[in-house]
Asker: 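One structure follows; several queries about it will come next.
These values consider heavy atoms only, across backbone and side chains, with no hydrogens, waters or symmetry-generated copies. When a residue number appears, it is its place in the shown sequence, counting from 1. From a predicted model like this one, the values you see are computed outputs, not experimental measurements.
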Amino acid sequence: QVQLRESGGGSVQAGGSLRLSCVASGFSYSTYYMGWFRQAPGKEREGVARISMTGGVTLYAESVKGRFTISRDNAKNTLHLQMNSLKPEDTAMYYCAAASAPFASTLLRPTEFGSWGQGTQVTVSS
């Protein structure tokens, strides 16, 4: 029932910017917590950022803090991730995810998110 579709990925040079988007359907979007995760080849999926139902509370991984901004538009059922000052280590498949329960900690846990998009590739070259 829940469907999440990411877009906006691409290839950029270090220092560049990208804006990822996620369109949600099949559920009451405004009642879900949302997050962005990423996974590089050979690595575990890691949390990038999360946002509360109304967008008032956000949490970022230390590696992206100050460079990335997560936001949501509940009227349009969309989630966004503005990525600035991109680094080669940001290269990964980025996933949009939804959670139906409040976060239990300040950790960005994949297990707290029950629905996932297909991913959009972000490649940052030196």
Side-chain angles (χ1 to χ4, degrees):
Q1 183 176 330
V2 175
Q3 291 193 72
L4 302 171
R5 291 174 289 177
E6 304 96 334
S7 63
S11 298
V12 298
Q13 294 182 325
S17 299
L18 283 174
R19 185 172 186 260
L20 306 184
S21 296
C22 173
V23 180
S25 63
F27 66 105
S28 184
Y29 179 69
S30 63
T31 66
Y32 279 68
Y33 299 86
M34 300 296 295
W36 286 100
F37 291 78
R38 66 187 183 187
Q39 187 168 22
K43 296 183 178 180
E44 296 295 317
R45 188 167 298 187
E46 65 173 342
V48 175
R50 74 184 191 200
I51 190 167
S52 60
M53 291 182 288
T54 59
V57 181
T58 58
L59 179 69
Y60 298 90
E62 285 297 322
S63 60
V64 307
K65 191 176 297 182
R67 299 188 297 120
F68 291 10
T69 301
I70 187 172
S71 62
R72 65 190 296 165
D73 186 340
N74 288 348
K76 297 181 179 180
N77 285 8
T78 56
L79 178 74
H80 304 280
L81 184 68
Q82 179 65 47
M83 305 185 294
N84 298 325
S85 301
L86 284 163
K87 304 175 181 179
E89 50 263 46
D90 294 319
T91 295
M93 185 73 76
Y94 282 70
Y95 299 90
C96 170
S100 61
F103 301 115
S105 73
T106 57
L107 298 175
L108 289 162
R109 301 173 175 175
T111 54
E112 291 184 323
F113 293 79
S115 300
W116 299 82
Q118 82 289 346
T120 184
Q121 180 67 40
V122 171
T123 301
V124 185
S125 60
S126 300

Asker: Identify all side-chain donor-acceptor contacts of residues 21-28 below 3.5 Å with residues at least two apart in sequence or on another chain.
Answerer:
{"from": "Ser21", "atom 1": "OG", "to": "His80", "atom 2": "ND1", "distance (Å)": "3.0"}

Asker: Report yes if the side chains of Tyr60 and Leu108 come closer than 4.5 Å at any heavy-atom pair, otherwise no.
Answerer: no

Asker: With a 4.5 Å limit on heavy-atom distance, are the side chains of Asp90 and Arg67 in contact?
Answerer: yes

Asker: OG of Ser63 to NZ of Lys87: how many Å apart, nearest 0.5 Å?
Answerer: 8.0 Å

Asker: Using every non-hydrogen atom in the two residues, find where Ala40 and Ala92 come nearest and quote the distance to one decimal.
Answerer: N-CB, 3.9 Å

Asker: How far apart are the closest heavy atoms of Arg45 and Pro110, and which atoms are they?
Answerer: O-CG, 4.0 Å

Asker: For residues Leu20 and Glu6, determine if any side-chain heavy atom of one lies less than 4.5 Å from a side-chain heavy atom of the other.
Answerer: no

Asker: Say whether, by atom type as modelled, one donor and one acceptor occur between the side chain of Thr123 and the main chain of Thr91 under 3.5 angstrom.
Answerer: no

Asker: Can you name the nearest heavy-atom pair linking Ala98 to Tyr32, along with the distance?
Answerer: CB-CD2, 3.9 Å

Asker: Could you tell me the separation between the CE atom of Met34 and the OG atom of Ser71, rounded to the nearest 0.5 Å?
Answerer: 11.5 Å

Asker: Answer yes or no: is there a side-chain heavy-atom contact under 4.5 Å between Trp36 and Met83?
Answerer: no

Asker: What I'd like to find out is whether the side chain of Trp116 reaches to under 4.5 Å of the side chain of Cys96, using heavy atoms alone.
Answerer: no

Asker: Quick one: CE on Met93 to NZ on Lys43, what's the gap to the nearest 0.5 Å?
Answerer: 15.0 Å

Asker: To check you understand the geometry: which heavy-atom pair defines the closest contact between Ser17 and Ser85, and what is its length?
Answerer: OG-N, 4.3 Å

Asker: What is the minimum heavy-atom distance between Gly47 and Ala61, and which atoms define it?
Answerer: O-CB, 3.5 Å

Asker: Are side-chain heavy atoms of Val64 and Arg38 found at a separation under 4.5 Å?
Answerer: yes

Asker: Between Tyr33 and Val48, is there a shared hydrophobic cluster once you connect ILVMFWY residues whose side-chain heavy atoms come closer than 4.5 Å?
Answerer: no

Asker: For atom CD of Gln13, is the number of surrounding heavy atoms from other residues, nucleotides or ligands below 6.0 Å larger than 12?
Answerer: no

Asker: Search all heavy atoms of Ser30 against all heavy atoms of Asn74 and return the closest pair with its distance.
Answerer: CB-ND2, 3.7 Å

Asker: For the CG atom of Asp73 and the CG atom of Leu79, what is their distance to the nearest 0.5 Å?
Answerer: 10.5 Å

Asker: State whether the side chain of Arg50 and the backbone N or O of Ile70 hold a donor-acceptor pair below 3.5 Å, judged by distance alone.
Answerer: no

Asker: Given the rule in the side-chain contact (heavy atoms from CB on, under 4.5 Å) test, do Tyr29 and Arg72 qualify, once you have shown the distances and angles that lead to the verdict?
Answerer: CA-CA 10 Å; Tyr29 179 69; Arg72 65 190 296 165; 3.5 Å; yes

Asker: Mind checking the CZ-CG spacing from Arg19 to Leu81? Nearest 0.5 Å is all I need.
Answerer: 9.5 Å

Asker: Taking the six-membered ring for Trp, are the ring centroids of Phe113 and Phe37 within less than 6.0 Å of each other?
Answerer: yes

Asker: Which value, rounded to the nearest 0.5 Å, describes the distance between Gln82 atom CD and Phe68 atom CZ?
Answerer: 9.5 Å

Asker: Leu4 and Ile51: same hydrophobic cluster, using ILVMFWY side-chain contacts below 4.5 Å?
Answerer: yes

